[in-house]
> 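Structure incoming, see below.
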2 protein chains.
Amino acid sequence: MHKLGTLQAGPCSAAERRKDIWVTASSRRRIPEATVARLPLYYRALMETGERQVATISSERLAELAGVNAAKVRKDLSYLGSYGTRGVGYDVEYLLHEISRELGLTRDWPVAIVGIGNLGRALANYRGFGARGFRVEVLIDADPALVGHQIGDLSVVSIDDLDRVVREHNIAIGILATPAGAAQEVADRLVAAGVTSILNFAPAVCSVPEGVSMRKVDLAIELQILSFYQLRRGTGGTAPPRERTG
Amino acid sequence: MHKLGTLQAGPCSAAERRKDIWVTASSRRRIPEATVARLPLYYRALMETGERQVATISSERLAELAGVNAAKVRKDLSYLGSYGTRGVGYDVEYLLHEISRELGLTRDWPVAIVGIGNLGRALANYRGFGARGFRVEVLIDADPALVGHQIGDLSVVSIDDLDRVVREHNIAIGILATPAGAAQEVADRLVAAGVTSILNFAPAVCSVPEGVSMRKVDLAIELQILSFYQLRRGTGGTAPPRERTG
DNA sequence: CCGAGCTTGTGCACGCGTTCTCAAAGTGTG
DNA sequence: CACACTTTGAGAACGCGTGCACAAGCTCGG
Ligand SMILES: NC(=O)c1ccc[n+]([C@@H]2O[C@H](COP(=O)([O-])OP(=O)(O)OC[C@H]3O[C@@H](n4cnc5c(N)ncnc54)[C@H](O)[C@@H]3O)[C@@H](O)[C@H]2O)c1
Ligand SMILES: NC(=O)c1ccc[n+]([C@@H]2O[C@H](COP(=O)([O-])OP(=O)(O)OC[C@H]3O[C@@H](n4cnc5c(N)ncnc54)[C@H](O)[C@@H]3O)[C@@H](O)[C@H]2O)c1
């Protein structure tokens, strides 16, 4: 398949815009969400191994490195286009480039963290984000005692200045690390300030309008899921094969 | 759902996995994984609202509180048994009890954290875990400068004492917050010491033997997924309504 | 005791994701 | 060029999860 061109680059025409089909400059087909979630795994696997000196990598090898099924790797990559060569494998450099383009890793994303408590500080200090183009540029908190405090080379900004600072830095991605009670309000303010992607650590149901993405990470829930299966095992069940990739 | 599953452990042990039925003392039927992941949501929703004075709650109301579909709530709860009353709803207290029993929240789980860096410290200081019966009892790190250091009312223990301390405290659940490079080795040591559930924050593929559960939380991947959809939106696509329960 | 009004529990259809499988398409050797 | 070997790409089958729709079952007022 894959007949109608990946060739036709450039911004997609208005005619192509459909509700359920994702037509973009980079890829012509809809990429399943499960695949999107695995692309970072492939990216990381390709980056980490010294495989880059080798020109090509097979789906089998990549599957092994990423910890998934080989058929899945092939199907996932086929959504990006036919980048492989039969009998040979995938060109490592090219694949890396395509994946990072697809994930938006070729550009920098300014990020804001709201709620500079235990977790927010840990995130602010984390060096791993920058490597993927996620630059934490703004730290926001409501606690007056914290405002102005220096963390790394950033100074904590008051929640009152949220709108201004978020706009100034052109923030598209916000990280929410406030207590649960403040989550919805802060999310609303972020959205109002132009943020369209939110990563939420607060254990609270929290809704955002159409056109804004929100992903939740709830560590307590993760523990409870582990506890569930732990309990089963103790009472004679078998372990669940499950493992999540964010 | 999100369901971003990756099989793990031994090579190609996929086929036989699904076969086994989960029959335990507590519930007669197999509970789907997606349901297990939502039970904590229901639990939290029930605990948070003042709904407890009200004797019963309808699936519709609970769905609203938990941010899911009402039919889903009913189906999920039906896996636990027929605890509802038609025309009335679910008895709140009883439902809470059943869910917490199913999730193993009626008992205490001693937890160990390995890797007391930025993230490990945040987790160690977090008060939210204890409320669900997850008691962080052991902090472990390899850095000699950190060993003996006091965090909260716990003292950091050397990685050399991992086996002994984990056994002494009867730890079943371990949290892995070391750098990626050390993840597999630490996981192996935890498993060797008797840990059968691991929550892994290190961005690394990491395998555990059959009979051990492992869940991964990779924050960088979450950001990359957000970035993917953010990029699409910019180029004219529609936003994905997606939000993870997990 | 009956009927109106709710709410649960579940059968069912549908869509998504996974994985098996194999033809197609490449490489390399003699 | 023929042939053996490798590896991709995709068709197809299957299983899981979701959500609609509705009968079964409960309460309550009269
Ligand atoms: N720390 C962890 O390991 C951990 C684990 C799981 C979940 N969480 C969740 O992450 C969130 C943060 O946890 P934490 O331990 O960092 O909490 P924390 O109390 O240490 O920090 C919360 C911070 O948010 C700030 N804040 C409160 N209201 C605010 C508002 N309206 N606007 C801006 N800032 C505001 C507070 O001043 C504080 O600095 C919580 O929702 C918590 O449940 C944390
Ligand atoms: N901090 C964050 O916000 C964040 C975000 C995403 C992912 N992560 C991941 O979480 C993990 C921890 O992150 P961090 O920021 O806390 O890192 P960190 O470097 O601050 O802490 C790591 C700790 O692990 C200890 N350690 C190293 N090797 C060890 C071993 N073999 N046994 C026991 N302890 C060992 C180190 O002494 C250090 O104290 C990393 O894998 C990181 O990629 C962290």
Side-chain angles (χ1 to χ4, degrees), chain A residues 1-3 6 20-22 29-39 54-64 66-91 94-95 240-245, chain B residues 1-8 11-22 29-38 54-64 66-92 94-95 240-246:
Chain A
M1 72 183 280
H2 189 266
K3 291 232 137 102
T6 23
D20 47 346
I21 306 269
W22 293 65
R29 54 187 103 176
R30 198 189 81 96
I31 300 185
E33 201 174 323
T35 295
V36 174
R38 278 188 297 267
L39 290 181
V54 183
T56 63
I57 187 170
S58 72
S59 61
E60 192 129 10
R61 175 80 180 118
L62 180 52
E64 188 188 333
V68 302
N69 183 294
K72 213 183 283 186
V73 169
R74 288 200 296 275
K75 188 143 283 188
D76 284 345
L77 295 183
S78 79
Y79 287 118
L80 306 188
S82 296
Y83 295 147
T85 307
R86 302 181 180 204
V88 179
Y90 299 88
D91 183 290
Y94 188 51
L95 195 53
R242 189 84 162 92
E243 168 179 336
R244 251 213 25 236
T245 43
Chain B
M1 152 216 95
H2 186 247
K3 139 143 179 220
L4 317 158
T6 315
L7 292 186
Q8 124 138 151
C12 302
S13 48
E16 80 242 70
R17 286 284 181 68
R18 296 277 171 208
K19 199 64 191 15
D20 45 19
I21 310 276
W22 295 62
R29 54 189 107 173
R30 198 189 82 96
I31 300 185
E33 204 173 320
T35 295
V36 173
R38 277 188 299 266
V54 184
T56 63
I57 187 171
S58 72
S59 62
E60 192 128 10
R61 175 82 180 116
L62 181 51
E64 187 189 333
V68 301
N69 182 294
K72 213 183 284 187
V73 170
R74 289 199 295 276
K75 188 148 284 188
D76 284 345
L77 295 184
S78 79
Y79 288 118
L80 305 188
S82 295
Y83 294 148
T85 308
R86 301 181 181 205
V88 178
Y90 299 88
D91 183 289
V92 176
Y94 189 50
L95 194 54
R242 188 81 164 101
E243 170 177 331
R244 251 208 30 233
T245 50

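Naming: A, B, ... by sequence-line order, numbering from 1 per chain.
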> A:Glu64: what forms a salt bridge (charged side-chain N to carboxylate O under 4.0 Å, His left out) with it, not counting sequence neighbours?
A:Arg61
> So does A:Lys75 reach the base of C:dT19 with its side chain, donor to acceptor, closer than 3.5 Å?
yes
> Heavy atoms under 4.0 Å is the rule here; annotate nucleotides 21-30 of chain D 5' to 3' with B where the base is hit, S where only the sugar-phosphate is, and - elsewhere.
B--BBBS---
> Decide yes or no for A:Leu80 and A:Ile31: does some side-chain heavy atom of the first lie under 4.5 Å from some side-chain heavy atom of the second?
yes
> Can you name the residues that form a side chain to side chain donor-acceptor pair (under 3.5 Å) with A:Ser58, not counting sequence neighbours?
none
> Could I get the full list of side chain to side chain donor-acceptor pair (under 3.5 Å) partners for B:Thr35, not counting sequence neighbours?
B:Asp76
> Could you state the atom-to-atom distance from CD of B:Glu64 to C1' of C:dT7 in whole Å?
16 Å
> What integer distance in Å separates A:Leu62:CG from D:dT7:P?
13 Å
> Find the distance A:Leu95:CG to D:dT7:C1' and express it as a whole number of Å.
15 Å
> If you define the side chain from C-beta out and look only at heavy atoms, does anything of A:Leu77 sit under 4.5 Å from A:Tyr90?
yes
> Could you give the OH-to-P distance, from A:Tyr79 to D:dT8, as a whole number of Å?
17 Å
> Determine: side-chain N/O of B:Tyr90 to OP1/OP2 of C:dC6, distance under 4.0 Å, yes or no.
no
> Measure from CD on B:Glu60 to P on C:dG9 and round the result to the nearest Å.
15 Å
> Roughly how many Å is it from CG in B:Asn69 to C1' in C:dG9, rounded to a whole number?
14 Å
> Rounded to whole angstrom units, what separation is found between the NZ atom of A:Lys72 and the C1' atom of C:dG17?
8 Å
> Is there a side-chain contact between A:Arg30 and the phosphate of C:dG17, meaning an N or O under 4.0 Å from OP1 or OP2?
yes
> A:Arg61 side chain N/O closer than 4.0 Å to the phosphate oxygens (OP1, OP2) of D:dT8?
no
> Hey, mind stepping through A:Asp91 and A:Leu95 against side chain to side chain contact (heavy atoms under 4.5 Å, CB included) and telling me if it holds?
CA-CA 6 Å; A:Asp91 183 290; A:Leu95 195 53; over 6 Å; no
> In Å and rounded to the nearest 0.5 Å, what is the NZ to CZ distance from A:Lys75 to A:Arg38?
11.0 Å
